[in-house]
Amino acid sequence: MRGNGDATAEVTADVAVVGAGPAGMAAAAEAAAAGLTVALVDAGERPGGQYWRHGPHDEGPVRGQHGRRTFAALRAGLVRTGTRTLFGHQVWLITRDTDRFTLHLRPTHDGRAPGTGPGTRTLTARSLILCPGAYDRQLPVPGWDLPGVMAAGGVQALLKGSGTLAGRRAVVAGTGPFLLPVATGLAAAGAEIVMVCEANPLRGWLRDPGGALREPAKAVEGAQYAALLARHGIPYRTRTVVTEIRGEDRVRSVRIAPLDRDGRPRSGVRIELDADLVALGWGFTPSLELPLMVGASTRLDTDGSLVAVVDARQRADVPGGPAVYLAGEATGVGGAVLAVREGRLSGLAAAADLGRTVDEGRIRRLQRAVRRGRRFAAALHTATPVPPGWTDWLDGSTLICRCEEVTYGDLCHAVRELGAEDPRTLKMLARPGMGMCQGRVCGFATAQVAAALTGGSPGAPGTPSTPSTPSADDLLPLARRPLATPVTLGEIAALEEES
């Protein structure tokens, strides 16, 4: 695995793989093992992505991390095949000719990656595998802009990456199994977990028992986390949400409430808990900037996320030109095990399409495994949906878009007084998603609010409305971006000089 030390202005390869998480590592290892030249790009300094995040002094994922052996095997495969790695680089633009892709890169650390020479500017490849991963989905709550409120993934990344506790007395809230490793990880590091608030009932898994049983190892993993919760004495409450975060200079306490059958906080029932850290997690939103940039089609997944469409060999339905393959969370949030399977499948498919001999029987086995994983993911999303009445805990002053300081009241005004009927118009009139994050944090919530307001009665802030679900067309304008990352005007101007 050749590192950044020999970085030059331009790199060419048979296959470019973007993202060095579980899917990207697996895709690169398989394509390289088939005899292709592979370049693996990632914004991080080392392979593993967010899931296999390294500790401050570790050569691999932190102890106790699931899949450490898989990580070690994939990394060894990259080294053995001489895969070119371009760590510390972001892809901000992809252009396509009739027979190749050109990826425009920028270093992520003050003009160059640590310990490297000049940063690589472009990567040209005959085939492209995109494994961009996902980021935390957030739902606004009054007070969520206070210091001490973080995304659950951010809390875990801080703990894994630097061994730093974001707080000493924590409430972990939202929905989904990701809350469990966050809570138990904090507890193991010495934090007091006041409570884990899961918005959904455990019996939600009974909505699709066939799908839930497709991955027995997940049940074992869940039992392990249950044992850790008991060992650390962590209170765990279902059908419970954080409806308000209180404090002036920082988080001081939270108010929690049980949910009724419609997913709305029960009126008059509030419990206040002292805390200095609130970790909020409502699942994950796929990162689709690059797939959309190359023309991938999208659909609405079971969890309400916008995801990219692929065929049985992980090919995106991008018309004309060289093939594009997608693997991991971009095709639907399903966890690291599924991401590795999709990554392997995409690497083998790319090798076959470029004329290399591959084991078709292995491809069929991977396809079956991917279908099992997708079925389990659907069961997971069915069991842990976003509460349909979550907008009822908002008040007029609650920030929806923190970049542009757009409140829930502003969105209500845009619908009621200015005639906004969809998220795109709401974005134009009230400016949510127009700031630095470009809707990555507030996009899903804005679409949900738009659906709730226009699907029901857009009355005064806080007035209950009939829940409605955003469509893929609603989410697409909030996900599409002309450039994948912020760049300087000089970098844009350099495109004309290069052409």
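Each residue takes its place number in the sequence, starting with 1. Quick note: numbers below take in every heavy atom, side chains included, and nothing from hydrogens, waters or symmetry partners.
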Is the closest side-chain donor-acceptor distance between D303 and S305 under 3.5 Å?
-> yes
Considering all heavy atoms, the nearest V242-V141 contact = O-CG2, 3.4 Å
Between T382 and D208, does any side-chain donor sit less than 3.5 Å from a side-chain acceptor?
-> no
Mutual orientation of the aromatic rings belonging to F284 and F178 [parallel < 30°, tilted 30-60°, perpendicular > 60°] | perpendicular
Is R480 salt-bridged to E289, cutoff N-O under 4.0 Å?
-> no
Side chain H89, main chain G44, donor-acceptor under 3.5 Å = no
Can you name the closest pair of heavy atoms from R341 and V370 and give their distance?
-> CB-CG2, 3.9 Å
What pair of heavy atoms forms the shortest contact from P482 to L93, and how long is it?
-> O-CD1, 4.2 Å
Taking the six-membered ring of Y325 (Phe, Tyr or Trp), confirm whether the NZ or CZ of R315 is under 6.0 Å from its centre and within 45° of its axis.
-> no
Side chains of W390 and Q448: do they bring a donor and an acceptor to under 3.5 Å?
-> yes
Does the side chain of T175 pick up a donor-acceptor pair with the side chain of E198 at under 3.5 Å?
-> yes
Counting distance only, does the side-chain N/O of R96 pair as donor-acceptor with the main-chain N or O of G320 below 3.5 Å?
-> yes
Would you check if the side chain of E342 reaches a backbone N or O of L326 as a donor-acceptor pair within less than 3.5 Å?
-> no
What one should report as the nearest heavy-atom pair of R137 and W282 is CD-O, 3.1 Å
Just how far is it from atom CG of L179 to atom OH of Y236, taken to the nearest 0.5 Å?
-> 7.0 Å
Do any N or O atoms from the side chain of R374 and from the backbone of G332 form a donor-acceptor pair under 3.5 angstrom?
-> yes
Would you say the side chains of Q367 and R364 form a donor-acceptor pair under 3.5 Å?
-> no
Within 6.0 Å of CZ in R231, more than 12 heavy atoms from elsewhere | no
Which residue, V449, V441, T446, forms the side-chain contact (heavy atoms from CB on, under 4.5 Å) with P432?
-> T446
Side-chain touch K427/L478, heavy atoms, less than 4.5 angstrom | yes
For residues A447 and P423, report the shortest heavy-atom separation together with the two atoms involved.
-> CA-CG, 3.9 Å
Modelled atom types, side-chain donor and acceptor of R313 and S346, under 3.5 Å | no
Using modelled atom types only, decide if a donor and an acceptor are shared between the side chain of D301 and the backbone of G304 within a distance under 3.5 Å.
-> no
Considering all heavy atoms, the nearest N200-P385 contact = ND2-O, 2.9 Å
Rounded to the nearest 0.5 angstrom, the CG-CG distance for D474 and D422 is 6.5 Å
